[in-house]
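Computed from heavy atoms alone, side chains included, the values below leave out hydrogens, waters and symmetry copies. By convention in this document, chain letters (A, B, ...) are assigned in the order of the sequence lines, proteins followed by strands, and residues within each chain are numbered from 1.
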Protein chains: 2
Amino acid sequence: MRRMTARPANAHQGRLLRLLRDGGPNSRAQLGDLVDLSRSKLAVEVDRLLETGLVVADGLAASRGGRRSHNLRLAPALRFLGVDIGATSIDVAVTNAELEVLGHLNQPMDVSEGPVAVFERVLAMAEKLKASGVAEGFDGAGIGVPGPVRFPEGVPVAPPIMPGWDGFPVREALSQDLGCPVMVDNDVNLMAMGEQHAGVARSVGDYLCVKIGTGIGCGIVIGGQVYRGTTGSAGDIGHIQVQPDGRACACGNLGCLEAHFSGAALARDAEDAARSGRSAQLAARLEAAGELTAADVSAAAAAGDTVALELIREGGQRLGQVIAGLVSFFNPGLVVIGGGVTGLGHTLLASVRTQVYRQSLPLATRNLPIVLGELGPTAGVIGAARLISDHVFSPA
Amino acid sequence: MRRMTARPANAHQGRLLRLLRDGGPNSRAQLGDLVDLSRSKLAVEVDRLLETGLVVADGLAASRGGRRSHNLRLAPALRFLGVDIGATSIDVAVTNAELEVLGHLNQPMDVSEGPVAVFERVLAMAEKLKASGVAEGFDGAGIGVPGPVRFPEGVPVAPPIMPGWDGFPVREALSQDLGCPVMVDNDVNLMAMGEQHAGVARSVGDYLCVKIGTGIGCGIVIGGQVYRGTTGSAGDIGHIQVQPDGRACACGNLGCLEAHFSGAALARDAEDAARSGRSAQLAARLEAAGELTAADVSAAAAAGDTVALELIREGGQRLGQVIAGLVSFFNPGLVVIGGGVTGLGHTLLASVRTQVYRQSLPLATRNLPIVLGELGPTAGVIGAARLISDHVFSPA
DNA sequence: CGACTTCTTCCACTCCCGGGACAAAGAGTC
DNA sequence: GACTCTTTGTCCCGGGAGTGGAAGAAGTCG
């Protein structure tokens, strides 16, 4: 069932919609303070938005000393679908027009099973959310995939960890199935947008968002906009060399960051440590589970296991080395570290900070916060919703 | 003598001025094809520009099959001053409104002599150019300095190689002395703008411009605009670590790129090679001149000296290592290498290319040209003129 | 209850802009 | 050289967008 969502007729209306999205319900007068339009003009545009149904009246606003104003808010029935496809799991969430998460599902699934199987699952999860009553239909969907994307077309290109996805028309296909507008982007970029919208990066124009999961990627935000590079592969820092003649990487080179530090590398190192008997804790966990993950390392470290701590510390140093270079080059106003292994938390952060503050130039690091993402697994889905809402809230 | 240059009254006029600057003289009709304005509107704006004197009529245009059109061109008396202050020399040039260089002077001078002495010299050079008849006054001046700049104010901040320049109000002071608008930027950024305006980077939106001089810097161009970072120090890649526990750098760290490869490092390596007797050629040059520079290495390499070639090859490898990382991160559409040691030319280029194509991901390098800058020492001054012309040709 | 403030609506006026009509100037053809 | 066709420049009209003032509605505060 196709749902015809109205679109703003001009840039002013788009601006107003985004203000209502980011700032919540607001009165006409307050909007007037923000947008620099004459009262009459503002009234006209608001009336048109009310006509389209994108905006509705919502009671009286608090008085500012005189006549009380009527509040405006985005249509409460608007729903966006945020989908974050990771290497080994899928997150699907439903948000309202203000991008508040109303329902969120997570299921393990290997992305290598291919686009058809994955999207079958995604659609099933979306149906489940609908059935739970949080949505009747969707006005747009944002999709994140763990690899480079040709953004305008919404098609993955040459994704290393996603065999079978190269060239699959994700945007086209899902737009058909869901009956609503769809945008596709790299999962890291979406995390960056999520942290910017609702997380630690609010009010920062230029920043970097490093996501450590199965691999490592970096979202680049410039002037509030995600920068994607010439072919859509910007931020692909997992294969920067951190050690000449270092470990062999799946990409064919030696010493890549990902080979030395990432969810996958950490798990392998931990298993090594367990088998060689260097860490009793890790050995016990290996015994119990049959395999180790980054989460096990995190737990062991929290329990005081020195080998686990050392692994994290060393990884943070590698990561810090790369980030230091990027900071010198890009001079961001903030660095956010997030992703699956954020559980490593402050041990990792301390190690990264030490390395960056030591290696980068003082001018670039003087006021540079390096922090953990605060949204965890919802960063991706919120970013996805944000992506598509930017699209829906822009004139066609 | 203050020269009051008119400014465009609106964005349309600015657009037209920049079109005339970049495309040369043009007829109304051709401009109409480019700007998507109605003929009436275009006529009005052109008339106003003619009134201000920024644009003048210039004979008849070639016929396109019907009535011939009158050509328009930017006022032939407009003059921009481009100043490129390097670590050890100063370039000053005068351009017309189309940014063609009408006169160019170069003098050796050490930037460490301080801003007052340097600008005295700059003003003298500007006077000399005036005296030679290429200009009567200046409608704007762009200044490049070898260090980070707080761009909006036009003030150098914490420049490592420019003691005494920190906080010196360059823009303010020169604007007073020259009696025209002045903009200040990092020399590397100006080189990037120069190569974009008149060099190899025409028609490329996102690219990197690596300048190798006494130090090493990198201009970052995104969507045709220079990116300067949060504090104006973006592109400062000279102190990215290329070797853990490598050579000591003036900045206090170990293994910085600049310590291993730059004009200064190359000269030092060459002297070592000469003294230790490994290279007869270099020894002879050292004997003759008393000291060696990057140019000597370049000349020796051209003459077939294997030690010099090896130095260049090794340096290119270091540089390529860093560029490979930046390419993965930034995914540019082009990489330009320029600066004083471009004389090292194709030996260096080959070495860099090898390293980048081997280390970066195929998706990022698939269509990535890595080339030498084609403007040489004029890139900086043209970029400076471009900077200020963008300012002058924008509505106030 | 009255003075003052804030918010909303209405309206007249201005300005911008697009497009059509027309004239001017050239090219090409016979 | 006359004629047609095309391109270019100019003029004018009408529609639409936007501004700011004024008046009215709905509050607060003393």
Side-chain angles (χ1 to χ4, degrees), chain A residues 6-20 23-74 394-396, chain B residues 6-20 23-74 394-396:
Chain A
R7 291 282 287 277
N10 58 42
H12 295 310
Q13 293 184 17
R15 177 93 193 280
L16 292 172
L17 290 173
R18 286 191 293 272
L19 278 173
L20 289 173
N26 233 326
S27 72
R28 283 166 146 86
Q30 278 172 302
L31 287 177
D33 294 344
L34 297 171
V35 294
D36 193 43
L37 291 175
S38 70
R39 295 184 313 272
S40 355
K41 171 75 173 155
L42 180 65
V44 170
E45 298 297 356
V46 167
D47 284 346
R48 287 186 190 154
L49 285 174
L50 286 168
E51 262 177 47
T52 65
L54 282 170
V55 168
V56 298
D58 181 46
L60 290 169
S63 168
R64 292 200 291 181
R67 171 174 176 177
R68 292 173 66 188
S69 179
H70 289 268
N71 254 343
L72 299 170
R73 61 170 298 183
L74 291 170
S394 297
Chain B
R7 291 282 288 277
N10 59 40
H12 295 310
Q13 293 183 18
R15 177 93 192 281
L16 292 172
L17 290 173
R18 285 191 293 273
L19 279 172
L20 288 173
N26 232 326
S27 71
R28 283 166 148 85
Q30 277 172 301
L31 287 176
D33 295 344
L34 297 170
V35 294
D36 192 41
L37 291 176
S38 69
R39 280 183 307 173
S40 6
K41 171 77 173 153
L42 180 65
V44 170
E45 298 297 356
V46 167
D47 284 345
R48 288 184 189 156
L49 285 174
L50 286 168
E51 263 176 47
T52 65
L54 282 170
V55 167
V56 297
D58 182 45
L60 289 168
S63 168
R64 293 201 289 181
R67 173 175 174 174
R68 288 172 68 189
S69 182
H70 289 267
N71 255 343
L72 298 170
R73 61 171 299 184
L74 292 170
S394 297

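Listed by chain and residue number, nothing satisfies the side-chain hydrogen bond (donor to acceptor under 3.5 Å, both in side chains) test with A:D36 (two or more places apart in sequence, or in another chain). Legend: residues meeting salt bridge (charged side-chain N to carboxylate O under 4.0 Å, His left out) with B:R68, ordered by chain and number and at least two apart, are absent. With sequence neighbours left out, B:S27 forms a side-chain hydrogen bond (donor to acceptor under 3.5 Å, both in side chains) with B:Q30. Partners of A:T52 by side-chain hydrogen bond (donor to acceptor under 3.5 Å, both in side chains), not counting sequence neighbours: none found. Residues meeting the side-chain hydrogen bond (donor to acceptor under 3.5 Å, both in side chains) test with A:R7, sequence neighbours left out: none. With sequence neighbours excluded, the residues satisfying side chain to side chain contact (heavy atoms under 4.5 Å, CB included) with A:S38 are A:S40, A:K41. In this view, B:V35 and B:R15, B:L16, B:L19, B:L37, B:L42 satisfy the side chain to side chain contact (heavy atoms under 4.5 Å, CB included) rule, not counting sequence neighbours. Residues satisfying the side chain to side chain contact (heavy atoms under 4.5 Å, CB included) criterion with A:N10, sequence neighbours excluded, are A:H12, A:Q13, A:E45.
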Short heteroatom pairs, N/O only, protein and nucleotides 25-30 of chain D, under 3.5 Å:
| from | atom 1 | to | atom 2 | distance (Å) |
| --- | --- | --- | --- | --- |
| D:dA25 | N3 | A:R67 | NH1 | 3.0 |
| D:dA26 | O4' | A:R67 | NE | 3.4 |
| D:dT28 | O4' | A:G65 | O | 3.4 |

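Scanning residues 48-55 of chain A for heavy-atom distances under 4.0 Å to DNA chain C yields an empty list. Using a 4.0 Å cutoff on non-hydrogen atoms, the parts of residues 34-46 of chain B near DNA chain C are B:S38, B:R39, B:S40, B:K41, ordered by number.
Note that the first and last nucleotides of DNA chain C, 5' to 3', having any atom under 4.0 angstrom from a heavy atom of chain A are C:dT5 to C:dT9.
A pairwise comparison of heavy atoms in B:N71 and B:N26 identifies OD1-C, 3.2 Å as the closest pair. The shortest non-hydrogen separation linking A:L54 to A:P8 is CD1-N, 4.2 Å. The nearest pair of heavy atoms linking B:L20 to B:L72 is CD2-O, 3.8 Å.
Atom CD of A:Q13 is separated from atom P of D:dA17 by 11 Å (rounded to the nearest Å).
In this structure, the separation between CG on B:L74 and CG on B:D58 is 10.5 Å, given to the nearest 0.5 Å.
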